[in-house]
Chemist: 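One structure coming up, written as structure tokens, with questions to follow.
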Amino acid sequence: MEWMLTPLDILSVVPRWYVGACFGTVFFIYYLRDAVKLPTIACAPGKFRQFLEDNVPILKEKFWPTLWCFESRAQTVLASLLRSQLLPEILYRREILRLSDGGQVALDWLEDGCAPKSPIVIILPGLTGASQADYVKTLVRAANKLGLRVVVFNNRGLGGISLKTPRTYCAANCEDLSAVIHHVQTLNPNVPLAATGISMGGLILGNYLAAEELAARKKFAAAMVISVPWNVFKGSESIEKPFLNLMLNRHLCEGLCKLIEGAEELGIDVPWDMNEIRKSRTIREFDANFTVKQFGFKDVFDYYSQATLHNKLHKIAVPLLCLNAADDPFQPLDAIPVEAANNSKNIAMVITARGGHIGFLEGIMPAYQTETQYMSRLFSQYFSAVFREETGFFNLLDKAD
Ligand SMILES: *[C@@H]1O[C@H](CO)[C@@H](O)[C@H](O)[C@H]1NC(C)=O
Ligand SMILES: *[C@@H]1O[C@H](CO)[C@@H](O)[C@H](O)[C@H]1NC(C)=O
């Protein structure tokens, strides 16, 4: 039996370049077959769908995730790292909005080069994000290039300002967002408004739109949400899976703890025990130990039941474009309410095969093209069409489908 060759023997006699080329080819075929795909679009036939098909050409293109980094967690982390390295800080005009309960939020405006009456896009960042978060800067720059004014709504305690009261924010409470919208509208009567929420920001925005139903259409021309964890239950289950997901989870949980850590030193009479809360290892534990108590929910189940968006799509009346990746670690594909969107005439769900959570890194060398990333191209094509007169978007809105 000595003459039998093992696979290793064979490998040792064929040239290395040949082995490399074989592996490379197999990998490349896998990439082309499994990773590069046309996005799925779920939206009932009607005026909104037609509008998107006519005006948002990116929806007809394949999404080419970065060849050497298309695994979901890699997309999620690398996209964030690259964008935060490459995008310079944005110089906003800061406005502090005092809230009726004594709290405050920072509103960061970018209006450079925009007409004084040009439309405004309100941007809601993710869980612990603020106006200098990488994905926020990406979208803000895209909007600015279109001549749209932007205001980033930083949640309480974020964006470099401190808490004034023990209250923070949560996905099932839209009171602060309502106050911000009211303020922006009062300052800018007769100016068209739009909004974009990313991840947790998308949950808050979606919950607001669902709660306001038809009334929201008087306020917003159109809206967009990116990487929203539609089904909060399935999202938090998914993000508790070891090891990589759990690591992302812990990272976010640390951010949440940091947010409330300084409150005591500011002389705020806090009703919580920071030492207990600091032991939280996941967002769910943080929510159980903090959010639930602070906002008066019975338990985490009660909170997540009110925060979840997957069963509220039928209540949303504003034209809403949604972008999710099928491999988002925060939202498994089977939890995305594709069917509800497919039955809706004003909600369009765009799902790319890859992209992770707020990743959507494209191209061989994504480093050189952060501003032309998939996320911002979709955002730009959509909102430029919404606000371009020739597309007739506003007429489309008036004659409700
Ligand atoms: C949406 O519904 C249509 C039928 O109206 C169906 O052909 C299509 O496959 C559905 N798309 C998705 C993404 O579910
Ligand atoms: C609070 O957090 C701890 C970990 O620090 C966890 O063991 C506990 O279950 C949490 N409380 C609740 C009510 O879930």
Side-chain angles (χ1 to χ4, degrees), residues 30-65 70 72 75-76 196-199 202-203 205-207 209-210 213 222-235 237-238 308-362 373-375 377-379 381-383 385-386 393 396-397 399-401:
Y30 172 76
Y31 170 75
L32 287 179
R33 261 199 39 190
D34 251 68
V36 179
K37 294 212 163 137
L38 272 174
T40 304
I41 297 162
C43 178
K47 288 178 184 164
F48 186 51
R49 185 175 183 126
Q50 194 60 47
F51 165 82
L52 294 174
E53 282 177 6
D54 294 345
N55 296 291
V56 185
I58 191 174
L59 298 178
K60 300 194 182 88
E61 295 165 16
K62 287 185 173 167
F63 174 67
W64 292 76
F70 58 81
S72 68
Q75 277 262 334
T76 305
T196 297
I198 304 100
S199 190
L203 270 183
L205 177 60
N207 274 309
L209 296 178
E213 299 192 41
M224 181 172 178
V225 291
I226 298 172
S227 295
V228 171
W230 295 95
N231 185 325
V232 176
F233 295 100
K234 292 201 178 172
E237 250 169 51
S238 169
T308 200
L309 200 53
H310 71 282
N311 51 8
K312 296 180 187 147
L313 271 71
H314 59 285
K315 293 189 170 172
I316 296 177
V318 170
L320 178 66
L321 178 64
C322 321
L323 173 65
N324 278 89
D327 66 351
D328 188 336
F330 286 73
Q331 189 69 169
L333 179 59
D334 64 10
I336 300 177
V338 180
E339 235 181 87
N342 207 22
N343 290 326
S344 166
K345 288 191 166 171
N346 63 292
I347 300 179
M349 190 89 71
V350 177
I351 301 175
T352 55
R354 305 282 177 152
H357 188 69
I358 331 178
F360 305 103
L361 271 190
E362 252 189 324
Q373 281 296 309
Y374 194 81
M375 213 168 63
R377 276 163 57 217
L378 181 62
F379 174 94
Q381 291 183 8
Y382 175 55
F383 283 118
V386 163
F393 182 77
L396 174 155
L397 255 190
K399 299 180 210 87
D401 213 309

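Whatever order the structure lists them in is the order used to number ligands and atoms, beginning at 1. All residue numbers in this chain count up from 1 along the given sequence.
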Chemist: Relative to the ring of Phe70, is the ring of Tyr31 parallel (under 30°), tilted (30 to 60°) or perpendicular (over 60°)?
Modeler: tilted
Chemist: Classify the ring geometry of Phe383 against Phe379: parallel below 30°, tilted from 30° to 60°, perpendicular beyond 60°.
Modeler: perpendicular
Chemist: Classify the angle between the aromatic ring planes of Phe393 and Phe51 as parallel (below 30°), tilted (30 to 60°) or perpendicular (above 60°).
Modeler: tilted
Chemist: Given the rule in the side-chain contact (heavy atoms from CB on, under 4.5 Å) test, do Gln381 and Leu59 qualify, once you have shown the distances and angles that lead to the verdict?
Modeler: CA-CA 10 Å; Gln381 291 183 8; Leu59 298 178; over 6 Å; no
Chemist: Please tabulate, one line per pair, the protein N or O atoms found under 3.5 Å from any N or O atom of ligand 1, giving the distance to one decimal.
Modeler:
unit_1	atom_1	unit_2	atom_2	d
ligand 1	2 (O)	Asn342	ND2	2.3
ligand 1	11 (N)	Asn342	ND2	3.0
ligand 1	14 (O)	Asn342	ND2	3.2

Chemist: Passes side-chain contact (heavy atoms from CB on, under 4.5 Å), Lys234 versus His310? Steps please.
Modeler: CA-CA 10 Å; Lys234 292 201 178 172; His310 71 282; over 6 Å; no
Chemist: Restricting to side chain to side chain contact (heavy atoms under 4.5 Å, CB included), what partner residues turn up for Ala42, sequence neighbours left out?
Modeler: Val338, Ala341, Asn342, Met349
